[in-house]
Amino acid sequence: MKILIVEDEEKLAKSIKKGLEKEGHAADYVLDGESAQTRIELHHEDYDLVILDLMLPKRDGLVVCQNIREKNLTIPILVLTAKGDVNDKIEVLDKGADDYLVKPFSFEELMARIRALMRRPTEALPIELKLKTLTLNTSTRKVYRNGKEINLTLKEFNLLEYLMRHPNQVLTREQILSNLWDFDFDSFSNIIDVHIKNLRKKIDTGNGQKLLETIYGVGYRIKG
Ligand code: CA
């Protein structure tokens, strides 16, 4: 998953980011309400969830939330409030947030809320992705080719999941980077090529028909 953190206390933003990365997610943060709104409006497709503080410089978190919903953007929003920021949770939910968490909170609590939000049926993402003899289970995080389990690293798994959610579609390096890596990641690095090479070795080598294709000068595609 890729998560946008909106929090003006940079120390807190950094520590949430670090925690999320430890759990295998990618995360970016912005420090004020205005940048948050711009980032969400332009890049909402890159993120699975927004963690939004309410008391923010430049634009209040609730206003950001309301503006996002008025633009019909359905990205899940988890609000962080300090006690006294809002009268009650109804107000937060009324403005379009999906859930809220009162500061101070433990990281475990934050992760539990995130998991709960991601489980919401509105997401309706299939648990098992299948492509010819390749199967990926998003809940057990296991991958099989020809019935044999394949061990992937976290990044390889996320990369494969992303490719399998877009079968037969050529995905550019930029698309892959923006979906799986941090916003500021150096797009000239060959990190994707390295992960693709390793992934290909694991899923395609010695397994019959090759599924993972390189489209030279464009990107990658998984064939179904
Ligand atoms: Ca704040």
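Throughout, numbering of the chain's residues begins at 1 and tracks the sequence. Start at 1 and go down the list; that is how both ligands and their atoms are numbered. When reading the values below, keep in mind they use all heavy atoms of this one structure, side chains included, and skip hydrogens, waters and symmetry mates.
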Review point. For the side-chain contact (heavy atoms from CB on, under 4.5 Å) test, which of L4, V50, D46 pairs with I75?
Key: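 Between I75 and the candidates, side-chain contact (heavy atoms from CB on, under 4.5 Å) is satisfied uniquely by V50.
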Point to revise | Same apolar cluster: Y162 and Y144, side chain cutoff 4.5 Å | key: no
Check your understanding: Between the side chains of R173 and Y220, is a donor N or O closer than 3.5 angstrom to an acceptor N or O?
Key -> yes
Point to revise | Rounded distance [0.5 Å steps], CG in N146 versus OG1 in T133 | key: 4.0 Å
Practice item. Output the distance between atom CG (L134) and atom CD1 (I150), rounded to the nearest 0.5 Å. Key: 6.5 Å
**Study point:** Under-4.0 Å salt bridge between D8 and R59
**Key:** no
Check your understanding: What protein N, O or S atoms come within a distance below 3.0 Å of the Ca ion (ligand 1), ordered by chain and number?
Key ->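 For the Ca ion (ligand 1), the protein N, O and S atoms that sit under 3.0 Å away are D8 OD1, D53 OD2, M55 O.
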